[in-house]
Number of protein chains: 2
Amino acid sequence: MGDKFEKVKTFYFSLWPSLNEDNWSAFEKRLIVKKYEKGNYILRPGEVCNCISFINYGLVRSYYLVDGREITTNFFVEDSVFSNYQSFLSRTPSLLYTDVLEDTEVIDVDYDSLQYAYENIPDSERVGRLVAEQLYILLSARNASLLMETPEQRYIKVLQEKPDLIRRVPQYMVASYLGVTPEALSRIRSRISKRNAELLPDTSSR
Amino acid sequence: MGDKFEKVKTFYFSLWPSLNEDNWSAFEKRLIVKKYEKGNYILRPGEVCNCISFINYGLVRSYYLVDGREITTNFFVEDSVFSNYQSFLSRTPSLLYTDVLEDTEVIDVDYDSLQYAYENIPDSERVGRLVAEQLYILLSARNASLLMETPEQRYIKVLQEKPDLIRRVPQYMVASYLGVTPEALSRIRSRISKRNAELLPDTSSR
DNA sequence: GTTATTTATTGATTCAAATCAATGGATTGT
DNA sequence: ACAATCCATTGATTTGAATCAATAAATAAC
């Protein structure tokens, strides 16, 4: 049977290739495997996020709830890291929900374990910094996208960069990720396919 | 005359009180003092941001330019740190302008110096991590505000939390920071003062 | 396989904010 | 002090997206 820590180890080593094997072993001892079933919540507003999770398999989502309206901030799929990092770092209550869209297995490192690692395991400070930096870059790109691009541009980008996500996630959630209503996304889609139909030669009559 | 590194030293020590004096001295040697005059640009789109700057005094702003329209992402005042951190970290071209709103003096640490510090100065990894984490928390809060709050709510918050900023920055820049046109901010302001007038007892006739 | 429920599409209407336009105030430069 | 430029306010109009509403399609439950 497969080692559950294999993928998370690969992930951390990709961040810093010269990471020492012994230090990794010390760190790995503190990791926790968790499973979640579709439809459940990993985190709710008011709770303090207590871990950083690497996803072995599955799909989760983070969203705000404003006036009964969901605003999706992110989808997280297998082989990526997720957390309510803001809550985790600041030790303050989350504003986000995190819900489980597909049965999911994660490898968690909790806050105390991470602080322990920072104090006692050489290299861990660097990995911690690199993770923080990577998460910053991701958030920043998302932010730029929300400020500079139209919902339609964002949708096309998701189509190109994460085509699997479109298939795995209901459209109304994608809409809330793009910052529009489900109706608006439906109209964006029909606009795009109409445009594509006009550009293509007519295949039906010949 | 005052030590120009005094404030930046205080800042870093506030992040990590047990920072070692010798290590600080080693780090301080690589810092650079720079001055900018109002109206100039520190960074333009296409350039790679090469430093993290602590502001001794002054005021700068970062903004996107989309279809000839400015979208202000942040104002930075004295005693805070600024950078196009996304560009700095990823070594990719900036999408942002950074312009100088008041004569400004900064203490810069450039990219190579920082990498040198990470390799050679103990403690610096931790400070680097803490800076990354702080910047993440700030960006995350800004993000949440843009997604969850109305422009009016954001304006009231700026009024309360950074009243000096309102005085130092032209209103159309504040508008672009709130995500509305100058006309819309003007109307928000008149709406607020009208509400306040109704709540207050009539002071004119008695 | 049928029913029930959820999700997606399409159209009509409403609404909030952007745009356009004009004026008045404030700031800057000489 | 004056002109010139920039900035803020206010009103009228336009516009794009949200809302409301109804139907169709897809998915899940039995």
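The sequence lines fix the lettering, A, B, ..., with proteins before strands; numbering per chain opens at 1.
Looking at A:Glu70 and A:Arg61, a side-chain N of the basic residue comes within less than 4.0 Å of a carboxylate O on the acidic one, giving a salt bridge. A salt bridge does not link A:Glu149 to A:Arg154: none of the charged side-chain nitrogens sits closer than 4.0 Å to a carboxylate oxygen.
Residue contacts shown for A:Arg187 include a base, since a base heavy atom lies under 4.0 Å away.
In this view, B:Lys38 and B:Asp103 satisfy the side chain to side chain contact (heavy atoms under 4.5 Å, CB included) rule, not counting sequence neighbours. Evaluation of the salt bridge (charged side-chain N to carboxylate O under 4.0 Å, His left out) rule for B:Arg191 yields B:Glu152 as partners, not counting sequence neighbours. Judged as a side chain to side chain contact (heavy atoms under 4.5 Å, CB included), and not counting sequence neighbours, the contacts of A:Ser80 are A:Ile55, A:Phe76. The salt bridge (charged side-chain N to carboxylate O under 4.0 Å, His left out) test applied to B:Lys162 returns no partner, not counting sequence neighbours. For A:Phe11, the side chain to side chain contact (heavy atoms under 4.5 Å, CB included) partners two or more places apart in sequence, or in a different chain, are A:Leu15, A:Phe54, A:Val81.
Here ring pair (Phe, Tyr, Trp, His ring centres under 6.0 Å) pairs that include residues 135-175 of chain A, with residues two or more places apart or in two chains, are A:Tyr136-B:Tyr85.
One can place CG of B:Leu185 at 9 Å from P of D:dA8, the figure rounded to the nearest angstrom.
Between chain B and DNA chain C, the heavy-atom contact criterion of under 4.0 Å yields a 5' to 3' nucleotide range of C:dA18 to C:dC20.
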Quick one: side chains of residues 90-98 of chain B, donor-acceptor pairs under 3.5 Å with protein atoms, not counting sequence neighbours, listed by atom name and distance.
{"unit_1": "B:Ser90", "atom_1": "OG", "unit_2": "B:Gln86", "atom_2": "O", "d": "2.7"}
{"unit_1": "B:Ser90", "atom_1": "OG", "unit_2": "B:Gln86", "atom_2": "NE2", "d": "3.4"}
{"unit_1": "B:Ser90", "atom_1": "OG", "unit_2": "B:Thr92", "atom_2": "OG1", "d": "2.6"}
{"unit_1": "B:Arg91", "atom_1": "NH1", "unit_2": "B:Cys49", "atom_2": "O", "d": "3.2"}
{"unit_1": "B:Arg91", "atom_1": "NH1", "unit_2": "B:Phe88", "atom_2": "O", "d": "2.9"}
{"unit_1": "B:Arg91", "atom_1": "NH2", "unit_2": "B:Asn50", "atom_2": "OD1", "d": "2.7"}
{"unit_1": "B:Ser94", "atom_1": "OG", "unit_2": "B:Asn84", "atom_2": "ND2", "d": "2.7"}
{"unit_1": "B:Ser94", "atom_1": "OG", "unit_2": "B:Leu96", "atom_2": "N", "d": "2.8"}
{"unit_1": "B:Ser94", "atom_1": "OG", "unit_2": "B:Leu96", "atom_2": "O", "d": "2.9"}
{"unit_1": "B:Thr98", "atom_1": "OG1", "unit_2": "B:Ser62", "atom_2": "OG", "d": "3.4"}

Quiz: residues 177-185 of chain A side-chain donor-acceptor pairs under 3.5 angstrom, not counting sequence neighbours:
{"unit_1": "A:Thr181", "atom_1": "OG1", "unit_2": "A:Ala184", "atom_2": "N", "d": "3.2"}

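Relative to the side chain of B:Arg189, the nucleotides D:dT10, D:dT19, D:dT9 differ in distance, and D:dT9 lies closest.
Contacts between residues 142-155 of chain B and DNA chain D, defined by a heavy-atom separation under 4.0 Å, are absent. Of all the residues in residues 171-182 of chain B, B:Gln171, B:Tyr172 reach under 4.0 Å from DNA chain D with at least one non-hydrogen atom.
In this structure, B:Lys34 fails the cation-pi test against B:Tyr36, since its NZ or CZ atom is not both closer than 6.0 Å to the six-membered ring centre and inside 45 degrees of the ring normal.
Contact of the A:Val33 side chain with the A:Ile107 side chain is registered, since non-hydrogen atoms from C-beta on lie closer than 4.5 Å.
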Using a cut-off of under 3.5 Å, enumerate the N/O to N/O pairs linking the protein to nucleotides 21-30 of chain D.
none

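A donor-acceptor pair under 3.5 Å is absent between the side-chain atoms of A:Asn56 and the main chain of A:Lys7, judged by distance alone.
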